Structures are given as structure tokens and as C-alpha cells.
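Presented below is the structure to which this report refers.
Quick caveat: nothing in here was measured; it's all calculated off a predicted structure. Naming convention: chains lettered A, B, ... in sequence-line order (proteins, then strands); numbering from 1 in each chain.
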Amino acid sequence: MIDPRLLRDDPDRIRAAQAKRGLSADVVDQALAADEQRRSSITEFERLRAEQKQLGAQIPKAQGDEKQALLARTKELSAAVKEAEAAQNVAEESYRAAMSAIPNPAADEAPAGGEDDFVVLEHVGTPRDFAAEGFEPRDHVELGRILGAIDIDRGAKVSGARFYYLTGVGADLELALVNLAMDQARAAGFTTVIPPALVKPRAMDGTGFLGQAADDVYRIEGEDLYLVGTSEVPLAAYHSDEILDADTLPRRYAAFSPCYRKEAGSYGKDTRGIIRVHWFDKVEMFSYTTVEESFAEHQRLLAWEKEFLTKLGLAFRVIDVAAGDLGLSAQRKFDCEAWIPTQGKYRELTSTSNCTDFQARRLDIRGRFPADQGGTRPVATLNGTLCAMTRTIVALLETHQQADGSVLVPEALRPYLQGREVLKPVVP
RNA sequence: GGAGGUGUCGCCUAGUCCGGUCUAUGGCGCCCGCCUGCUAAGCGGGUUGAGGGCAAACCCCUCUCGCGGGUUCAAAUCCCGCCACCUCCGCCA
């Protein structure tokens, strides 16, 4: 939810923000009209209600004809109040609907346009040149098979397309990555969290995943519950309806959870391997802070993501995602894309978003600040991937493979893999 | 899943039977002030949140006693539904 005052005071700014995302400004005018309607209905209701209360208070003291007249009048008012209240509820609901359709205005620095209009901010590391090394790299499916690490056939047999088993060193690799990620997060002051992966509609909607994104979300049959696509959802909703003391900010949480995605509309994309799956596990960072601090916090989250990918010896680039590709809640988003040798391109491994006070307003998360700092007002929320298991495993296996099909373990990961320095093929 | 109990302002609590100055009592904590070598104690005041009147302030008004309906001129209070927590039973890792 955007700041209602901003909409009222400077609607042209919101119109411009819609344009930058490639969206229509109609919803802005709808919201403005709904706000007018809402306020006039509130005034009308309150006027009637005040009169009703004022007259009602006189009834116990009144006698005879006077009392009868008051009863008659308040009875009329009672009906009018009920009607006005219903009208107000309708107006509030259309206002809410119009407001929640408006995405967070993108940062000035975010590139305009859609998915392909990102800006590359930097490259870290250099992609390996397998041609120069004199061998053809195997893809992660083949590496996973010969290492006994990834069983895609049985994943499909048991659960269907886009499912997999991690086995042996594959499973070990995930646990190692989780522990490496959690150790880094803990050292950086994050509180470690294991959150629920099933949430109520409020949490899903509050984080902006029930709008256009709803098609990608699994809903539990016969229950009012959703499977989360990221632990951003339970982490954001964690403090919903709370007022946080200013001196407890920033609050940083790092959660390990499964992520479930329908991948609707991605038919035919990434059908091979475990790049795009219906379920994967992830370690996610999440921060609560002030809007003023959020921009610096966003850079810190990005730095922690880069630190992690660098430890793993991956080559990657950082992109500044364009306005039209930000999703509902984000004001700015940076993706880290790692080089996937057999695809010859960079693929998203991590992503960090600054949602400013957009989610906090929807979830009613506020901070209590001194009066000269605005008193009680919405906080800012930010999220960032520390490690998405499947894609990280893809990048690791493909990047660190050797001609014989073995895979070198990056030094940082060895303590978490029982000291193993190399993963060796177990099947031809 | 079944039975019973509980839900009041940051925390605790009065009020609910018997509807009407409840504009929700008191304590703790917290904030401001007074007093006092300092601190503590004591004294006085303040302290739920949201929204509307306006561009803002003062001020006024409305809503807020778990949530949502209903009855009534009037609901913390009566009725119905739901939710959460506690105890016991059943089931289960």
C-alpha cells in the first residue's frame, strides 16, 4: 500500500510512477475518486452517529411526552446510522481495493521499462573458459547423475515434472550450503529462523503475492492456507499488527525454508534439470528498518549476497532490475546472476528488494519513534536471498567441474562437507 | 477431532450476572514536572491505537473492551458465528 497522503497531495507523481512501470494511471484516478467518496461517507456517518449518541444520552433522564419524542427521533436516527455505516463500509472497501492495486513507485535510480531493460551494475569474477582448458563441460544434470547427487527421473516418477531428489553428495551439498549461509548470517547479526511454510491469506496478500502473482501460488485444497513461494512471506508477516520500539531496529532475520512455486506460464522454459522447479529450499535474509535507512540496508543485503557467491567461487554479475519487473512491493531490486557454463549465460541466483514501507503498511507493522521523528509510523521491509539451493548447486557443479567429471569443492564449503576437497563420480 | 475454561489500554487488573455520565477502574512500567547533597523514596500531571473535520496547529467528533454479525433508542455488558490461548480426553512425529 502506498502512502495515502502521497496519493492525495501529489497524484501526478504516482501517475508518473505507473508510466515508468509501463502501467495505466487509471487506477490512480479510481483511488482518488474512492478517497473522496470514502471521506464524505465517513463525515455523514459520524454526523448522524454523534446526534444519535447525544440524544440517546438524554433518554434515561427524560419523562412522558418528551421521552416519547426522543425515542421516536432516535429510532429514526438508528436506521439512518445503520444505512450510513453500510455506505461507509462500501466506500472503504472500494478505496482499499483501488489502493491495493497500486504498486510501490520505483526508485528514481531504477531503470524504466520491462524485464529486458535492466542495467548491469558490475561483474564479479570471470567465467571459466572451458575451450581454453580443452574440454567440453557437462551440464548439472549429467554431473548430478554421475556424482549420484541429483535424481531427476525419480523426482518425476514420484512428484511429477520439475521435481527432483537430492541424494548423497547432493543432499550433503544442500546441508553444507545451509550451514555456510546460516553461519555467515549469524556472524552478521541476523537472528536465525525456521518459519512456517503454510500461511494464511493475510500474510500472502500483505506481501503482495495475491495480486498478479497469485497464479504462481499453491493453495491448499479445502483450507484457507497457501504454500509460500519464499520465506519473505512468513518473515514479513512475523511482526504484522505490531509496533516495534525504534531502538530495536534494524531487526534482521535469516530463515531457512522450502519454497513452492507453480511456475505457471513457464511451460517449455528451463525444462531440463533443476533450474526451475516447483519446490526448493532457500536461506533468506529479511530486515526491518526505517525508510530513511532502507537504502543503505539494501546495499548491505546486496553486499552479503555478493560475499556469499564470492566464497563459492562463482562468476556473477549484478543487475539493477527495471521498474516494470519489480513486482508489486519493491521500490528497487538487485539480482545477482551467476554464470552457467553450459547455458553460456548469467542466471538469477539471488535477488534483493527494498519494499520501503509498502508491505509494512499492508501488514500494519509500525515503529514507535520520538515525536520529532514522526512518532508511530510504518517501518521499511527488505528481503534478499542468501542461498537458493537448487540454482546454487547448478552453478557450483558446473563451474567447478573437472575434465574427469569430478567437482572441486570451494574452500569455504569444505568444513561443511566433512573436509571433502573434491566430489568424485560414483557411476559412469 | 471432543469437552470445559479464558480473552478489557505496554503488562496485570476492576467492571460483564442486573444494558444507560464506562468519556473503561486501580496497580506496575514508562514520560514530564516539583521536591531533595547525588540516587532512591515522596508529590503532581501524562501515557491504546486508527480515522474524519483542515493545508497544519489547537480543538471538536467517530470508531476501538479477541474478530464479525444480531437484538435495542442505547452493548465491554444480552444473543449467534468465528478465532486464539489454557486444561482434560482422543490421535500423532
The criterion is salt bridge (charged side-chain N to carboxylate O under 4.0 Å, His left out); which residues satisfy it with A:Glu174, sequence neighbours excluded?
none
Distance, rounded to the nearest Å, where A:Arg377 contributes CZ and B:G51 contributes P
15 Å
Which pairs, protein N/O on one side and nucleotides 18-20 of chain B N/O on the other, fall under 3.5 Å?
from: B:G20; atom 1: N2; to: A:Gly56; atom 2: O; distance (Å): 3.3

Go through B:C63, B:G49, B:C73 for me and flag the one nearest to the A:Ile243 side chain.
B:G49
Strictly under 6.0 Å, is that where the ring centroids of A:Phe286 and A:His239 end up?
no
Base-pairing assignment for B:U48 (Watson-Crick or G-U wobble, both under 3.5 Å):
none
Considering Watson-Crick and G-U wobble pairs with both distances under 3.5 Å, what does B:A75 pair with?
none
So, does A:Arg366 get its side chain near the phosphate of B:A50, meaning an N or O under 4.0 Å from OP1 or OP2?
yes
So, using side chain to side chain donor-acceptor pair (under 3.5 Å) as the criterion, who are the partners of A:Gln343 when residues are at least two apart?
A:Arg347
Looking only at side chains, do A:Gln52 and A:Arg49 share a donor and an acceptor under 3.5 Å apart?
yes
Among pairs that include at least one residue of residues 201-233 of chain A, which meet ring-ring contact (aromatic ring centres under 6.0 Å, His included), considering only residues two or more places apart or in two chains?
none
Compare side-chain N and O positions of A:Gln52 against OP1 and OP2 of B:A74 and report whether any pair is under 4.0 Å apart.
yes
Pairs in or reaching into residues 1-60 of chain A: which pass ring-ring contact (aromatic ring centres under 6.0 Å, His included), with residues at least two apart or in two chains?
none
Are A:Arg368 and B:G49 close enough that a side-chain N or O sits under 4.0 Å from OP1 or OP2?
yes
With A:Arg15, which residues qualify under salt bridge (charged side-chain N to carboxylate O under 4.0 Å, His left out), at least two apart?
A:Asp12, A:Asp29
Residues at least two apart in sequence or cross-chain that pass salt bridge (charged side-chain N to carboxylate O under 4.0 Å, His left out) with A:Arg276, listed by chain then number, are A:Glu263, A:Asp270
Whole-angstrom distance between B:U6 and B:U62, as gauged at atom C1':
31 Å
How close or far is atom C1' of B:A55 from atom CZ of A:Arg8, stated in whole angstroms?
11 Å
Is the closest side-chain donor-acceptor distance between A:Thr230 and A:Lys282 under 3.5 Å?
yes
Watson-Crick or G-U counterpart of B:A3, or none if no pair lies under 3.5 Å
B:U87
What integer distance in Å separates A:Asp35:CG from B:G51:C1'?
12 Å
Let me have the donor-acceptor pairs involving side chains of residues 143-150 of chain A, under 3.5 Å, with sequence neighbours excluded, atom names and distances please.
from: A:Arg145; atom 1: NE; to: A:Glu142; atom 2: OE1; distance (Å): 3.4
from: A:Arg145; atom 1: NH1; to: A:Pro428; atom 2: O; distance (Å): 3.3
from: A:Arg145; atom 1: NH2; to: A:Glu142; atom 2: OE2; distance (Å): 3.1
from: A:Arg145; atom 1: NH2; to: A:Pro428; atom 2: O; distance (Å): 3.2

Using purine N1 to pyrimidine N3 plus N6-O4 or O6-N4 for Watson-Crick, or N1-O2 and O6-N3 for G-U wobble, both under 3.5 Å, which nucleotide pairs with B:C34?
B:G42
Residues in salt bridge (charged side-chain N to carboxylate O under 4.0 Å, His left out) with A:Lys306, at least two apart?
A:Glu122
Under 4.0 Å from any atom of RNA chain B, heavy atoms only: list the residues of residues 37-51 of chain A that qualify, in numerical order.
A:Arg38, A:Arg39, A:Ile42, A:Thr43, A:Phe45, A:Glu46, A:Arg49, A:Ala50
Residues forming a side chain to side chain donor-acceptor pair (under 3.5 Å) with A:Arg38, sequence neighbours excluded
A:Asp35, A:Glu92
Roughly, in whole Å, what's the span from OH in A:Tyr95 to C1' in B:A50?
13 Å
Hey, can you pull the residues of residues 75-83 of chain A with a non-hydrogen atom under 4.0 angstrom from RNA chain B?
A:Lys75, A:Ser78, A:Lys82
Between C1' of B:C83 and NZ of A:Lys200, the distance in whole Å
7 Å
